[in-house]
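Take a look at the structure below.
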Amino acid sequence: MKNMIDKYSPLPIYYQIEEAIKGRIEKGELQEGEMIPSEREYAETYGISRMTVRQAITNLVNDGYLTRRKGKGTFVANQKIEQKLGLTSFTEDMKARGLKPSTKLIDFQISQAQGKIAAGLGIHPGDEIYEIQRVRLADNIPMALETTYLAADLVKGLNQRIVQGSLYQFVEEELGLNIDYATQELEASVARETESEVLRIAKGTPVLLIRRYTYLKDGRPLELVQSIYRGDRYKFIIDMQRG
Ligand code: 16G
């Protein structure tokens, strides 16, 4: 590692250190939650100033690779789950990453659709809807809190047991409906009290607020979903093409 720093390179030294630390994290030589050497140790190892080391570490903290704990040291942060924005289900996303999905059901009730929700689901105010609140976990770590609204007439037979597994699997395989497209909105937000409790993060922590409107092939709205994703665990990736 020592010879990874080249004082004659046009690349700034702090940048070279940043890349070296990042490389060790990516290769798994430094593991999630592990404490990294102190500024002093890095400075001695590389024969550079502590200021330079500090700059590299600060950049890595800002980029989410490292996290500083007051009075304790600097640690490798939990790496974020990367999700390509596509019309996939939570269950599919986690399985594709080799993580075990699970669900904690917070609320499951039948209520009457009002205003925006009725309009979004293409039903009349007063029609019955399922209102479901679920915490979605990956390898037992809470990732997101989802509130889902579905027209009761469309998803006949839905029950508490089903929504503890995959909703999309039930809709496609049991009901034989074709999920086709969705519109998704992404916003920055902070965890409120109840959200912070179920997601096991501090109140006020940054989160991603996502609203998904999903439709069937025949154009009927299937679901309205509002999800709160942990900002420290998730990043969403959008592929874009010009032309
Ligand atoms: C994802 C969807 C959500 C959908 C759920 C179905 C986002 C932001 N949301 O969490 O709209 O209801 O998957 O998952 O991606 P399931 O089939 O595992 O129940």
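When a ligand or atom number is given, it counts from 1 through the structure's own listing order. Start at 1 with the first residue, then count along the sequence.
Nearest protein neighbour of atom 7 (C) of ligand 1, counting heavy atoms only, is Arg212 NH2, 3.3 Å. Nearest protein heavy-atom contact of atom 11 (O) of ligand 1 is Glu223 OE2, 3.1 Å. The nearest heavy-atom contact from the protein to atom 17 (O) of ligand 1 is Ser166 OG, 2.5 Å. At the shortest separation from atom 13 (O) of ligand 1 among protein heavy atoms lies Phe90 N, 2.9 Å. When only non-hydrogen protein atoms are considered, atom 19 (O) of ligand 1 lies nearest to Leu167 N, 2.7 Å.
Under 4.0 Å from ligand 1, heavy atoms of Thr91 appear from its side chain as well as its backbone. If you look at Val225 next to ligand 1, the close heavy atoms, those under 4.0 Å, all belong to the side chain. When non-hydrogen atoms are compared, ligand 1 lies under 4.0 Å from the side chain of Arg134 (C-beta onward) but not from its backbone. Proximity of Glu146 to ligand 1, defined as any heavy-atom pair under 4.0 Å, is confined to the side chain (atoms from C-beta onward).
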Which side-chain N or O atoms in residues 112-132 pair as donor and acceptor under 3.5 Å with protein atoms at least two apart or in another chain?
from: Gln114; atom 1: NE2; to: Gln112; atom 2: O; distance (Å): 3.4
from: Asp127; atom 1: OD2; to: His124; atom 2: N; distance (Å): 2.9
from: Glu131; atom 1: OE1; to: Ser111; atom 2: OG; distance (Å): 3.1

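For ligand 1, the atoms sitting less than 4.0 Å from at least one non-hydrogen atom of Tyr229 are 7 (C), 8 (C), 10 (O), 15 (O), numbered in the order shown with element in parentheses. The distance from ligand 1 to the heavy atoms of Ile210 drops below 4.0 Å at these ligand atoms: 8 (C). The distance from ligand 1 to the heavy atoms of Tyr168 drops below 4.0 Å at these ligand atoms: 4 (C), 6 (C), 11 (O), 12 (O), 17 (O). Here is the list of ligand 1 atoms found below 4.0 Å of a heavy atom in Gly165: 19 (O).
Applying the side-chain contact (heavy atoms from CB on, under 4.5 Å) test to Gln31 and every residue at least two apart in sequence or in another chain returns Glu34.
Criterion: ILVMFWY side-chain heavy atoms under 4.5 Å apart, direct or through other members. Under it, Leu208 and Ile81 are part of a common hydrophobic cluster.
Relative orientation of the Tyr229 and Phe90 rings is tilted, given thresholds of 30° and 60° on the angle between their planes.
Glu41 and Ser38 share a side-chain donor-acceptor pair at under 3.5 Å.
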